[in-house]
Trainee: 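First, the structure itself, so that you have it in front of you.
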Amino acid sequence: MLELRFIRENIELVKAKTAKRGLDTAMLDRFMAIDARRLAILSEVEGLKNRRNTASKEIADFKKAADHASAEPLILEMKEANSRIKELDEELSAVQESLQDIVMSVPNLCDDSVPEGRDDSDNIEVRTWGDKPSFSFTPKAHWDIGVELGVLDFERAAKISGSRFALLSGQAARMERALANFMLDLHTGEHGYTEILPPYLVNTPSMTATGQLPKFEEDLFKIKDWDLYLIPTAEVPVTNIHRDETLEERDLPLKYTAFTPCFRSEAGSYGRDTRGLIRQHQFNKVELVKFTTPESSFDELESLLANAEKVLQLLGLHYRVVTLCSGDLGFSATKTYDIEVWLPGQEAYREISSCSNFLDFQARRGAVRYRPEGEKKSKLVHTLNGSGLAVGRTLVAIMENYQQEDGSIGVPDVLKPYVESRL
RNA sequence: GGAGAGGUGACCGAGUGGCUUAAGGUGCACGCCUGGAACGCGUGUGUACGCGAGUACCGUGAGUUCGAAUCUCACCCUCUCCGCCA
């Protein structure tokens, strides 16, 4: 969420940045009109309330002096003023509600370094790491490898749950677990993150703070008869750890990592990625979340990205980093890097991590502040997060990159302790 | 599900209709003191909206009143005990 006053005072900038994302700016014109009405009501009703407050004190003084005759006309005056106050208050809350609806659906301003573009084809490659592996045979897609090995079962998953669910067994299930442990050990042991195991069901205020609500409810699974949603990413519960809190600057940056399942309805992606593990209603992810000062958030974005890249480097998987263009950028983010891993079975780079800086956009919605050293006024923190990594897609990458001609799958060296300790 | 207790500022905690513009304490900031620190003393210390005077905010929402943290109603949450249960 952007600050109301900022929108009012920088309306042309906000419109330009919203247009850069390829979005309609008509709502911003409505914002200006409604906001003007709001200010007019505010000035009238606050004047009346001021009068009421002073009159109430006068009445109290008269009553104390047992001078009921002098108090009477004031009481009558206030009875009349109150009916006008009630009128204005009602209009004010209606106006504020529609203003709130608009402000909550205005996306974050994209950073100046974000390239202008329409969709993912306009994303800009920043760098690549490693090389595409070469094969003496034609590499297969992971769904063929997995089904042939008997470790991926999509048919039974469909029977149990439906489409876009998977059943992992044996080596695949164990490797998924090994990957999660490996990633968590790396981020907690080497990168200084604190491990979190959060709730997987969260309420409306939490979903609103991080930006999933009110605009993207159709992407979420909701629990019937409860104010609870299945998390689409650990970003939601972990960022909400400090909702409505004031942190101390010396404690920043706060760095958390969490391994959780993620649940997404994938509404509107009907024909896409129907085979394999790439696009599921349920998948596992190790998430990285940071709370920082405004001064350091862009540096922290670079190190967050480096922390995520490290996972792929240690696994020996070729990837590239892209900067998302304005049209592909998420609603709450000011800048996002995607890491795309190479999948030889599909001869394509596929997103395996998304690392974003949200500036104070989520912090304002969730009221996450910090007190700068030596200052008395608190400020909003900056929040960041990124996948470190999507575990299911990492499993896919290993299956496709480490496949052998005989149909078996090699185990990356760093993963061997995790896999073998389970045997 | 049944019974009871409670939700007040960064934190603890007083406060049952108008000297509450929320006591007191802790923490924090600044100043004094000190060679430097601790201790001590003093001052200050929330959020939102508004150019500002100011207005609003004591779990949430509605109500009573000239006036509500304080009274009424509904709801939410936390804790304790009982029941059920992984």
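First the proteins, then the strands, lettered A, B, ... as listed; each starts at 1. Given the structure is predicted, the values throughout are model-derived calculations rather than measurements.
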Trainee: Can you tell me, in whole Å, how much space there is between the C1' of rC19(B) and that of rC57(B)?
Mentor: 23 Å
Trainee: Counting neighbours of CZ on Arg118(A) that are heavy atoms of other residues, nucleotides or ligands and sit closer than 6.0 Å, is the number greater than 12?
Mentor: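 Counting other residues, nucleotides and ligands, CZ of Arg118(A) stays at 12 neighbours or fewer.
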Trainee: Using whole Å, what does the distance between atom C1' of nucleotide rU47(B) and atom NZ of Lys379(A) come to?
Mentor: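 In whole Å, rU47(B) C1' and Lys379(A) NZ are 17 Å from each other.
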Trainee: Only one of Glu44(A), Glu91(A), Glu77(A) forms a salt bridge (Lys or Arg N to Asp or Glu O under 4.0 Å) with Arg84(A), so which one is it?
Mentor: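 That would be Glu44(A); it is the only one of Glu44(A), Glu91(A), Glu77(A) passing the salt bridge (Lys or Arg N to Asp or Glu O under 4.0 Å) with Arg84(A).
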Trainee: Looking at Lys310(A), I want to see if its NZ is surrounded by more than 12 non-hydrogen atoms of other residues, nucleotides or ligands under 6.0 Å.
Mentor: no
Trainee: Is a side-chain donor or acceptor of Thr334(A) paired with a backbone partner of Leu109(A) at a separation under 3.5 angstrom?
Mentor: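 Flag set: sc Thr334(A) to bb Leu109(A) pair under 3.5 Å.
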Trainee: How far, in whole Å, is rU8(B) from rU20(B) if one measures between their C1' atoms?
Mentor: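 Rounded to whole Å, the distance is 13 Å.
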Trainee: Runs of at least three consecutive Watson-Crick or G-U pairs, both distances under 3.5 Å, are what I'm after; which ones involve RNA chain B?
Mentor: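 Output for stems: B:1-7 with B:76-82, B:10-12 with B:24-26, B:27-32 with B:40-45, B:46-49 with B:54-57, B:59-63 with B:71-75.
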Trainee: For the residue pair Glu300(A) and Lys290(A), what are the closest heavy atoms and their distance?
Mentor: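 Heavy atoms of Glu300(A) and Lys290(A) come nearest at OE1-NZ, 2.7 Å.
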Trainee: Rounding to an integer number of angstrom, what distance separates rG17(B) and rA69(B) when you compare their C1' atoms?
Mentor: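 rG17(B) and rA69(B) have their C1' atoms separated by 11 Å.
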Trainee: Looking for any heavy atom pair under 4.0 Å, which part of the strands does Asn82(A) touch: base, sugar-phosphate only, or nothing?
Mentor: sugar-phosphate
Trainee: Taking only the C1' atom of each, what is the distance from rC71(B) to rG18(B) in whole angstrom?
Mentor: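 Result for the C1' pair: 14 Å, nearest Å.
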Trainee: So which one's nearest nucleotide on RNA chain B is more toward 5', Lys86(A) or Lys79(A)?
Mentor: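 Nearest-nucleotide comparison on RNA chain B picks Lys86(A).
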Trainee: Rounded to whole Å, please give me the gap between CG in Leu380(A) and P in rG46(B).
Mentor: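 The distance from CG of Leu380(A) to P of rG46(B) comes to 16 Å, rounded to the nearest Å.
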Trainee: With rounding to whole Å, what would you report as the distance between rG9(B) and rG1(B) at their C1' atoms?
Mentor: 37 Å
Trainee: Using the ring of each side chain (for Trp, its six-membered ring), is Phe331(A) parallel, tilted or perpendicular to Phe216(A), with breaks at 30° and 60°?
Mentor: perpendicular
Trainee: Expressed as a whole number of Å, how far does the C1' atom of rU64(B) sit from that of rU72(B)?
Mentor: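 Pairwise C1' distance, rU64(B) against rU72(B), rounds to 7 Å.
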Trainee: Can you tell me how far P in rA68(B) sits from the matching atom in rG63(B), rounded to whole Å?
Mentor: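 Rounded to whole Å, the distance is 13 Å.
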Trainee: Would you mind building the protein contact string for nucleotides 50-58 of chain B? One character per nucleotide, 5' to 3', B for base within reach (heavy atoms under 4.0 Å), S for sugar-phosphate only, - for untouched.
Mentor: SS-BBBS--
Trainee: Within this structure, what is the CG-to-P distance between Asp251(A) and rG27(B), rounded to whole angstrom?
Mentor: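 The distance from CG of Asp251(A) to P of rG27(B) comes to 17 Å, rounded to the nearest Å.
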Trainee: If the P atom of rC39(B) is compared with that of rA29(B), how far apart are they to the nearest Å?
Mentor: 12 Å
Trainee: Starting at atom NE2 of His242(A), determine the distance to atom P of rA10(B), rounded to an integer number of angstrom.
Mentor: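 Rounded to whole Å, this separation is 16 Å.
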Trainee: If I take atom CD in residue Glu249(A) and atom P in nucleotide rA29(B), what distance separates them, rounded to the nearest angstrom?
Mentor: 12 Å
Trainee: Give a yes or no on whether Arg8(A) atom CZ has more than 12 heavy-atom contacts from other residues, nucleotides or ligands under 6.0 Å away.
Mentor: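 Above 12, so yes.
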Trainee: To the nearest 0.5 Å, what is the distance between CG (Leu88(A)) and OG (Ser43(A))?
Mentor: 10.0 Å
Trainee: Provide, to the nearest angstrom, the distance between the CE atom belonging to Met1(A) and the P atom belonging to rC49(B).
Mentor: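 From Met1(A) CE to rC49(B) P: 8 Å.
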Trainee: Evaluate whether atom CD of Glu9(A) has more than 12 neighbouring non-hydrogen atoms of other residues, nucleotides or ligands under 6.0 angstrom away.
Mentor: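 Correct, the count exceeds 12.
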Trainee: Report the distance from atom CG of Asp244(A) to atom C1' of rU78(B), rounded to the nearest whole Å.
Mentor: 16 Å
Trainee: Report yes if at least one side-chain N or O of Ser378(A) is closer than 4.0 Å to OP1 or OP2 of rG46(B); otherwise report no.
Mentor: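 The answer is no; no side-chain N or O of Ser378(A) sits under 4.0 Å from OP1 or OP2.
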Trainee: Is the distance between the ring centroids of His382(A) and Phe361(A) under 6.0 Å?
Mentor: no
Trainee: rC49(B) C1' sits how many Å from Gln96(A) CD, rounded?
Mentor: 8 Å
